[in-house]
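Here's the structure we're looking at; comments come further down.
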Amino acid sequence: MAATSSRSARRLVAGAVLASFLLAPTPALAGAETLKRSFGNIVQAPIDAVLSPITAGMVQYKNMANIEDSRGVRWFYAVPAYFWLLALTVGASVLRLLAGGLEFLPGLVLLFTSAEMDPLFAPSEGGEAVIWDYPTTVMDFKLGIDYTAAPF
């Protein structure tokens, strides 16, 4: 029992030290952007996937309001368009998670340099967040990204 509590205490201390190194202010280096993007994508991709039914509905409403098709065409395509947008948003969330995972190790390496890496999945970086968009020093919060209107 003592060995287990000692081991968990060491893990807790190691986690706290790692968190303090990752969150501590550092000298101004441009290389932190890749790690910041990676961390944000890894954390927010599952949330984005869960929010995808709401995101798909909001994007569809915006698109239906801006389209100039007849009323019959709008009503006929409403249900298939919603499911298309839902599948697209869930799939893009998975790609966002994969890109975040693939950018993590290069982000750690580039943290101590002034070099940067281009985003592997640009729509998560340049897309408009329809639910929440709030940039911070540690991570840019972007939830409910409209992947269909991302500027490339």
Side-chain angles (χ1 to χ4, degrees), residues 11-12 14-16 18-152:
R11 286 183 182 162
L12 182 64
L18 178 63
S20 68
F21 279 123
L22 290 175
L23 298 175
T26 60
L29 292 175
E33 194 63 34
T34 302
L35 188 61
K36 176 181 173 181
R37 182 177 56 243
S38 169
F39 182 68
N41 285 341
I42 290 170
V43 170
Q44 295 174 79
I47 300 168
D48 224 12
V50 169
L51 292 174
S52 62
I54 298 166
T55 304
M58 292 174 75
V59 169
Q60 183 176 11
Y61 177 78
K62 180 183 76 172
N63 291 345
M64 295 293 268
N66 294 331
I67 197 170
E68 296 192 17
D69 284 339
S70 67
R71 184 179 299 260
V73 170
R74 289 185 202 181
W75 284 100
F76 179 75
Y77 284 111
V79 173
Y82 175 77
F83 286 108
W84 171 260
L85 287 170
L86 180 64
L88 185 134
T89 306
V90 169
S93 298
V94 170
L95 290 176
R96 183 180 183 186
L97 179 66
L98 291 172
L102 290 172
E103 289 179 343
F104 187 74
L105 286 177
L108 286 175
V109 172
L110 295 174
L111 183 62
F112 303 103
T113 69
S114 61
E116 277 302 332
M117 184 174 134
D118 290 333
L120 293 178
F121 188 58
S124 66
E125 184 77 11
E128 174 191 348
V130 295
I131 294 179
W132 195 36
D133 188 358
Y134 187 74
T136 65
T137 307
V138 177
M139 173 174 65
D140 292 338
F141 290 94
K142 281 185 124 174
L143 297 175
I145 297 175
D146 180 4
Y147 294 103
T148 62
F152 296 107

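For the pair Met117 and Glu33, the minimum side-chain heavy-atom distance is 4.5 Å or more. Ile131 is not listed as a side-chain neighbour of Phe141, based on a closest heavy-atom distance of 4.5 Å or more. Within the 4.5 Å cutoff, side-chain heavy atoms of Arg37 are placed close to those of Pro119. Contact of the Arg74 side chain with the Ile67 side chain is registered, since non-hydrogen atoms from C-beta on lie closer than 4.5 Å. A heavy-atom distance below 4.5 Å is not found between the side chains of Lys142 and Tyr134. Taking 4.5 Å as the limit, some side-chain heavy atom of Asp48 sits within range of a side-chain heavy atom of Arg96.
Annotation: Asn66, atom CG; neighbour count of heavy atoms from other residues, nucleotides and ligands within 6.0 Å is above 12. Within 6.0 Å of atom OH in Tyr77, 12 or fewer heavy atoms from other residues, nucleotides or ligands are found, so the atom counts as exposed in its surroundings.
Nearest heavy-atom pair, Ala92 versus Phe121, reported as atom, atom and distance to 0.1 Å: O-CE2, 3.5 Å. Ala49 and Ser93 get closest at one heavy-atom pair: N-OG, 3.4 Å. The two residues Gln44 and Leu143 come nearest to each other via the heavy atoms OE1-CD2, 3.7 Å. Nearest heavy atoms, Gly100 versus Asn41: CA-CB, 3.8 Å. A pairwise comparison of heavy atoms in Gly101 and Ile42 identifies N-CG1, 3.8 Å as the closest pair. Scanning all heavy atoms of the two residues, the minimum distance from Thr136 to Lys36 falls at O-NZ, 3.0 Å.
In this structure, Trp84 CH2 and Thr148 OG1 are separated by 11.0 Å, a value rounded to the nearest 0.5 Å. Note that the CG atom of Leu102 and the CG atom of Leu95 stand 10.5 Å from one another [nearest 0.5 Å]. Interatomic distance, OH of Tyr147 versus CG of Leu85, reported as 13.0 Å (0.5 Å rounding). Between the CG atom of Leu35 and the CE atom of Met139 there is a distance of 12.0 Å, given to the nearest 0.5 Å.
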In sequence, state the C-alpha distance, the side-chain angles, and the governing distance for Ile145 and Glu128, and then conclude on side chain to side chain contact (heavy atoms under 4.5 Å, CB included). CA-CA 6 Å; Ile145 297 175; Glu128 174 191 348; over 6 Å; no
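Counting only residues at least two apart or in different chains, side chain to side chain donor-acceptor pair (under 3.5 Å) contacts with residues 51-65 comprise Lys62-Asp146.
Using modelled atom types, no side-chain atom of Thr34 and backbone atom of Gly107 make a donor-acceptor pair closer than 3.5 Å.
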